[in-house]
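Structure, as C-alpha cells:
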2 protein chains.
Amino acid sequence: MSVQERKERERAGRERLIVATARELAEQQGWDAVTTRRLAERIEYSQPVLYSHFRGKREIIGAVALEGAAEMAAALRAAASAADGPRARVTALARAYLHFAARNPAVYDALFRLDGGLAFAQEDTPGPLKDAFAALLESLEEVAGDGVHPGLFTEVFWASLHGLATLTRAGRLPPEEAELRTELLVDRLAEF
Amino acid sequence: MSVQERKERERAGRERLIVATARELAEQQGWDAVTTRRLAERIEYSQPVLYSHFRGKREIIGAVALEGAAEMAAALRAAASAADGPRARVTALARAYLHFAARNPAVYDALFRLDGGLAFAQEDTPGPLKDAFAALLESLEEVAGDGVHPGLFTEVFWASLHGLATLTRAGRLPPEEAELRTELLVDRLAEF
DNA sequence: GCTCCAAGCCTAGCACTGCTAGACATTCGA
DNA sequence: TCGAATGTCTAGCAGTGCTAGGCTTGGAGC
C-alpha cells in the first residue's frame, strides 16, 4: 500500500511540475513557446510523459487556467475587502482585475482567450471558475442598481474589464490612459 | 507598356483572390484551417506564390482585417444613420457592432484578436482602422457626457462591446441574454 | 522570325509542431 | 527467482510556415 501511495504522490508532484513549468514558460516567452518538446525538456522527461498526465496541450492550458482562476479570485477578494464603501470597493476590484491580467498575461490568456477545454457558464463549469465569477459578484451585487439582475450586471462589468484588458495588451488601446478608462467605466456602470 | 499594365492588373486580381479566399476559408472552418498549403490549393497556385504577395501568413490576416474594418465602419454608419435620436442611435450602434462580430467571426478575429501586424492607436495606423474607430466616435461623442473626452469614452465603449463579443463567442457568456446585456451596457455607459 | 534573357512559377525540402506506436527497462507481487 | 505489469523512451507520423534553386515560358531586341 505504502509503495502505491508513494507512487501516487510522486505522480501528483510531477503533474504539478508540468503545470508550473508550462505556466512559467508561457509567462516568460508566451504560449507559442510552450511546445511539448520544450516543456518535456524542462521537466526532464520525454514528451510521452506529458500525455500520461494530460490528454494534450489543451488540457495543460486548462490546468494552468484553473490554477490561475483560484489566484485571481483570491486577489479580487483581497482587493475588495481592503476597501471601504461600495465605490472604493468596486474601483479596487476593477483595478485588481486589470492588474492581474497585466501581471499574469499567460494565465489570463489560458483563462479567457485560449481553448483550455473548460466549460463556462454551465452546470459542469469547474469550481475555481465559478468561484472567480462569484468573487466578482460579491462586490458587484450591491451596485447593480434597482431591478437589475446581479448576475447579468456582473457579466456586463466583467466583459467590459475583459475588453479593456485584452485590447490594452494587444496594443489596440494606448496604455497611458488606462487608469482614466477604468475610472470612467466604474463611474458609469455601477450605481452607488 | 500595355503588357506591363495587364500583368499588374492580373497580379492585383490574384492578390484580391488570395485575401478573399483566406477570408472565406477562415469564415468556413476557422483561422486554424487557413494553412498556406490549403490556401494555395484553393487559389490554384503553389505556396511560394503567396509569399510573392505577402511576407507571410500574418500579412494575409492583416489584409483580411483591413478589408473587414472598412465593412464594419460602413455597417456601423448605416445602423447609426437609420436611427432617430441619441438613445436609439447608440443602441443601434451597439447592436450593429455585436451583430457584425457574430456574423463575421473570422474577420473580427483578424481585426482584434489575431496578430495581423497592424499598428493600432498610432500615427501609422492604417486608414480603415482609424475610420472604423471614427465611425464609433461619430455616434458616441454626443453621449460621452460633460467633461469626458469623447475619444476616451469611445475607447471604453468599444472595449466593453469587444468584451461582450469575444466572451460570448468563446462560450464564456450564455448567448441567451445577449440583448439584455447590450441594453444594460448602453443604458449605463451613455449619458443621454 | 529567331534567339536570348529575365520574370514567374513550381518542386522539393528545411526545421518545427502536436501526438503516438512499439520497444525497452525497471520494479513489483507471487 | 521468475513472470508480469508498470513506467519510460526512441523513433516516427502527418501536419505547419517558409524558402532555395531549378525550370518553363513569354517578351524584347536584332
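Computed from a predicted structure; not experimentally measured. So that the names make sense, note that chain A is the first sequence line, chain B the second, and so on, each numbered from 1.
The side-chain hydrogen bond (donor to acceptor under 3.5 Å, both in side chains) contacts involving residues 145-154 of chain B comprise nothing, where partners must be two or more places apart or lie in separate chains. Screening residues 129-143 of chain B for side-chain hydrogen bond (donor to acceptor under 3.5 Å, both in side chains), with sequence neighbours left out, gives Arg77(B)-Asp131(B), Arg77(B)-Glu138(B), Arg89(B)-Glu142(B).
Distance Ile43(A) CD1 to dC9(D) C1': 13 Å, rounded to the nearest Å. For Arg14(B) and dC10(C), the CZ to C1' distance is 12 Å, given to the nearest whole Å.
Between Glu183(A) and Arg87(A), none of the side-chain N atoms (NZ, or NE/NH1/NH2) sits under 4.0 Å from a carboxylate O, so this pair counts as no salt bridge.
Remark: nothing in residues 105-120 of chain A comes within less than 4.0 Å of DNA chain D through any heavy atom. The stretch residues 15-42 of chain A touches DNA chain C through Val34(A), Thr35(A), Thr36(A), Arg37(A), Arg38(A), each having a heavy atom under 4.0 angstrom from the strand. Near-neighbour residues of DNA chain C inside residues 46-60 of chain A, defined by a heavy atom below 4.0 Å, number-ordered: Gln47(A), Pro48(A), Tyr51(A), Gly56(A), Lys57(A).
Taking the ring-ring contact (aromatic ring centres under 6.0 Å, His included) definition, one finds that Tyr108(B) meets it with Tyr97(B), Phe112(B), His162(B), sequence neighbours left out. Among residues two or more places apart in sequence or in another chain, the side chain to side chain contact (heavy atoms under 4.5 Å, CB included) test is passed with Asp84(A) by none. Contacts of Phe54(A) classified as ring-ring contact (aromatic ring centres under 6.0 Å, His included), with partners at least two apart in sequence or in another chain: none. In terms of the side chain to side chain contact (heavy atoms under 4.5 Å, CB included) criterion, residue partners of Ala119(B) (sequence neighbours excluded) are, by chain and number, Gln122(B), Asp124(B), Thr125(B). Residues forming a salt bridge (charged side-chain N to carboxylate O under 4.0 Å, His left out) with Glu191(A) (at least two apart in sequence, or on another chain): Arg188(B). With sequence neighbours left out, Leu114(B) forms a side chain to side chain contact (heavy atoms under 4.5 Å, CB included) with Trp31(B), Ile61(B), Asp109(B).
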Can I get a per-line list of side-chain donor-acceptor pairs under 3.5 Å for residues 37-44 of chain A, giving both atom names and the distance, sequence neighbours left out?
{"residue": "Arg38(A)", "atom": "NE", "partner": "Ala33(A)", "partner atom": "O", "Å": "2.7"}
{"residue": "Arg42(A)", "atom": "NH1", "partner": "Gln28(A)", "partner atom": "OE1", "Å": "3.3"}
{"residue": "Arg42(A)", "atom": "NH2", "partner": "Gln28(A)", "partner atom": "OE1", "Å": "3.4"}

